[in-house]
There are 2 protein chains.
Amino acid sequence: MTRYLEIADRLAAELDGSAPGTRVASEPELASRFGVGRAAARSALQELERRLLVRRVQGAGTFVNSRIDYVISGSRPPSWHTTVEAAGGTPRTVLKSVDRVGLPEAEAARLGRQPGTPAHHVVRTRYINSLLTGWGEEWIPVDVVPDLDLGLHAVDSVDLVLRQMGRVSPVRAWCRVSLELPPPRVLRELEVEPSTPVYLIESLSKDETTGAGLMCSGAWTRADAVRVIVEMSETITHEEER
Amino acid sequence: MTRYLEIADRLAAELDGSAPGTRVASEPELASRFGVGRAAARSALQELERRLLVRRVQGAGTFVNSRIDYVISGSRPPSWHTTVEAAGGTPRTVLKSVDRVGLPEAEAARLGRQPGTPAHHVVRTRYINSLLTGWGEEWIPVDVVPDLDLGLHAVDSVDLVLRQMGRVSPVRAWCRVSLELPPPRVLRELEVEPSTPVYLIESLSKDETTGAGLMCSGAWTRADAVRVIVEMSETITHEEER
DNA sequence: GAGCATTTGTCCGTATGTATT
DNA sequence: CAATACATACGGACAAATGCT
């Protein structure tokens with residue numbers, strides 16, 4: 001019945017299988033093609049954007065979107081770079097800052113330390129194909145690795161730096177994933193609209209042998225760029241499902 | 001600079017703390033109040049809807065929305081009804097159908113059975129405060145509980161029926177959560193727009209002692225009604241984080 | 001850097017359709 | 001049935017970002 005949904009469905013079918021980044025017809029083009037006003041053509045493209053099928057950029061145009069699957073699992077734990085590359089994308093991580101701070105209360109509790117314990121505070125952004133898709137911070141007590149910054153400028157992976165310079169074996173001990181709307185800070189850092197859904201991935205790493213807390217992190221990721229899938233493989237205590 | 005975002009932010013601040021279900025000013029009211037056209041007032045309300053702060057119903061109005069947190073965790077496993085009630089909501093589960101079918105391939109693999117094995121196929125919908133928020137299906141091999149339908153009409157909980165009539169102890173063995181856009185089937189069942197984000201929660205229950213697959217399920221839940229949080233507490237194998 | 005065309009973003013006024021109350 | 005409220009659509013206008021000359 002509604003014209004713009006017909007157009008959206010039609011376009012969705014046409015775009016199915018197109019390569020990511022392919023250009024989609026502009027609003028005026030669609031308007032003349034389907035014999036509607038610009039408003040209806042615009043609504044159709046916006047509908048496709050809500051369905052995460054396209055990405056729209058003011059001044060540039062509308063382009064086919066694609067999401068990569070990021071599986072967080074106990075049994076099959078792929079790294080970020082590997083995941084993105086396997087999906088045919090180009091990953092990039094940018095180190096924004098490395099500070100030396102006292103541990104905030106929440107992070108201290110997770111790491112099993114006293115609040116105020118000296119720690120490295122690492123802030124990094126993540127890109128897929130030059131598109132800013134993630135922002136996150138990591139806390140590592142300084143006694144784990146005294147001069148983390150030296151290693152971080154040479155190697156990209158915090159994990160690797162911990163293993164080589166800290167001589168520890170970090171394993172993921174706890175992880176929590178939820179879908180949120182970005183708080184003001186993340187809004188600015190990720191340069192997104194307030195209505196863009198983002199995943200919050202919180203994580204804690206402990207030493208494999210001693211069990212001591214080594215690192216905890218919080219990472220925000222755009223849901224229109226990544227599809228996070230959480231798999232719990234272990235047998236878990238009973239849940240009454242009704 | 002943009003007028004409608006100013007209005008949206010203003011309204012968001014005003015609505016903060018309002019009781020869920022509270023009525024929000026209509027488009028014409030907002031238009032005259034802020035001295036803008038109906039288009040700008042409408043955009044502001046749509047922005048709030050994208051932020052999941054309000055719910056809009058044609059013919060009725062715009063109302064304050066609220067999401068309940070549903071935590072899927074190993075350490076603290078609450079039931080659906082308990083979770084909703086703890087959040088101050090009224091949960092309801094409606095049994096749509098109970099069929100006897102042969103197990104499809106995917107479900108058979110999960111349950112460790114042969115495809116085509118006779119099984120109960122249970123379809124149910126879930127409501128929060130009379131709002132349709134979830135739709136899901138469950139598969140239970142008939143040899144686990146021969147006459148499941150009898151029990152299901154008396155008790156709401158599949159888990160309880162399995163314990164009482166099947167004399168087994170189901171525990172969650174595997175669980176997978178992802179955020180999706182609803183496929184056509186779910187679109188119809190949940191009566192939502194194609195752009196409404198929904199969670200897909202897949203789950204497998206095994207017997208606590210024998211380890212035999214008892215039940216597997218797939219449940220779709222509206223993300224504007226529920227915020228799913230997944231917690232992995234167990235120590236998981238190493239993941240290289242970069 | 002300046003200028004220009006293209007494209008999306010915002011906004012107006014108006015009208016009609018459709019669902020709810 | 002009538003009033004209300006949201007949904008769709010038109011035509012027109014200007015703003016803002018992008019990409020190219």
Side-chain angles (χ1 to χ4, degrees), chain A residues 1-11 15 21-65 129-132 187 190-196 224, chain B residues 1-11 15 21-65 129-132 187 190-196 224:
Chain A
M1 258 311 156
T2 52
R3 201 80 178 84
Y4 85 91
L5 283 180
E6 282 177 26
I7 298 173
D9 288 339
R10 177 77 182 274
L11 290 177
L15 296 178
T22 306
R23 191 196 192 85
V24 182
S26 71
E27 295 176 4
E29 281 168 358
L30 291 176
S32 74
R33 171 180 164 191
F34 289 100
V36 296
R38 211 196 109 188
R42 177 175 176 75
S43 291
L45 289 177
Q46 285 179 324
E47 172 69 22
L48 295 185
E49 187 178 39
R50 281 193 295 271
R51 298 186 197 173
L52 307 184
L53 296 179
V54 302
R55 180 182 305 279
R56 315 192 71 204
V57 181
Q58 180 176 166
T62 303
F63 307 92
V64 174
N65 184 39
N129 299 334
S130 310
L131 178 72
L132 176 56
L187 219 57
L190 275 185
E191 302 166 8
V192 293
E193 308 295 302
S195 55
T196 310
D224 59 352
Chain B
M1 251 311 150
T2 52
R3 201 80 179 83
Y4 85 92
L5 284 179
E6 282 178 26
I7 298 174
D9 288 340
R10 177 78 181 274
L11 290 177
L15 296 178
T22 306
R23 190 195 193 84
V24 181
S26 71
E27 295 175 4
E29 281 168 358
L30 291 175
S32 74
R33 172 181 162 191
F34 290 101
V36 297
R38 222 197 95 188
R42 177 177 176 74
S43 292
L45 288 177
Q46 287 179 325
E47 172 69 20
L48 294 185
E49 188 178 36
R50 281 193 295 271
R51 296 186 199 174
L52 308 185
L53 296 178
V54 303
R55 181 182 304 279
R56 314 191 72 204
V57 181
Q58 179 176 168
T62 302
F63 308 92
V64 175
N65 184 39
N129 299 333
S130 311
L131 178 71
L132 177 56
L187 220 57
L190 276 184
E191 302 165 10
V192 294
E193 308 296 302
S195 56
T196 310
D224 58 353

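Numbers restart at 1 for each chain; the letters A, B, ... are given by sequence-line order, proteins then strands. Note that these values count all heavy atoms, side chains included, but never hydrogens, waters or copies made by symmetry.
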> Quick one: does A:Asn65's side chain have a donor or acceptor within less than 3.5 Å of a partner on A:Leu52's backbone?
Replying inline: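 Between the backbone of A:Leu52 and the side chain of A:Asn65 there is a qualifying donor-acceptor contact (under 3.5 Å).
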
Measure from [atom1] on [X] to [atom2] on [N] and round the result to the nearest Å.
X        : N      : atom1 : atom2 : result
B:Arg3   : C:dG9  : CZ    : C1'   : 17 Å
A:Leu30  : C:dT7  : CG    : C1'   : 12 Å
A:Arg56  : D:dT18 : CZ    : C1'   : 14 Å
A:Glu6   : D:dA9  : CD    : C1'   : 13 Å
B:Tyr4   : D:dA16 : OH    : P     : 14 Å
A:Glu49  : C:dT7  : CD    : P     : 17 Å
A:Glu193 : D:dA16 : CD    : C1'   : 13 Å
A:Glu27  : C:dG9  : CD    : C1'   : 8 Å

> With the sugar-phosphate defined as primed atoms, P, OP1 and OP2, and the base as all remaining atoms, what B/S/- string results for nucleotides 13-21 of chain C, 5' to 3', for protein heavy atoms under 4.0 Å?
Replying inline: S---BBBB-

> Does A:Val24 reach the side chain of A:Leu15, with side-chain heavy atoms less than 4.5 Å apart?
Replying inline: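 Result yes, sub-4.5 Å side-chain heavy-atom pair found.
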
If you look at every strand shown and take non-hydrogen atoms under 4.0 Å, does [X] touch a base, only sugar-phosphate, or nothing?
X       : value
A:Arg42 : base
B:Thr62 : sugar-phosphate
B:Arg55 : nothing

>> Looking at every heavy atom in both B:Pro194 and A:Glu47, which two are closest together, and how far apart are they?
In response: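 Nearest pair, atom of B:Pro194 first, then A:Glu47: CB-OE2, 4.0 Å.
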
> How far apart are the closest heavy atoms of B:Tyr4 and B:Ala44, and which atoms are they?
Replying inline: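 In terms of heavy atoms, the two residues are closest at O-CB, 3.5 Å.
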
> Could you walk me through whether B:Arg51 and A:Ser195 pass the side-chain hydrogen bond (donor to acceptor under 3.5 Å, both in side chains) check?
Replying inline: CA-CA 5 Å; B:Arg51 296 186 199 174; A:Ser195 55; 5.8 Å; no

>> What verdict does the side-chain contact (heavy atoms from CB on, under 4.5 Å) test give for B:Gln46 and B:Arg42, after you've listed the backbone C-alpha separation in whole Å, the side-chain angles of each residue and the deciding distance to 0.1 Å?
In response: CA-CA 6 Å; B:Gln46 287 179 325; B:Arg42 177 177 176 74; 3.3 Å; yes

> So does A:Glu6 have more than 12 non-hydrogen atoms from other groups sitting under 6.0 Å from CD?
Replying inline: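 More than 12 within 6.0 Å, yes.
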
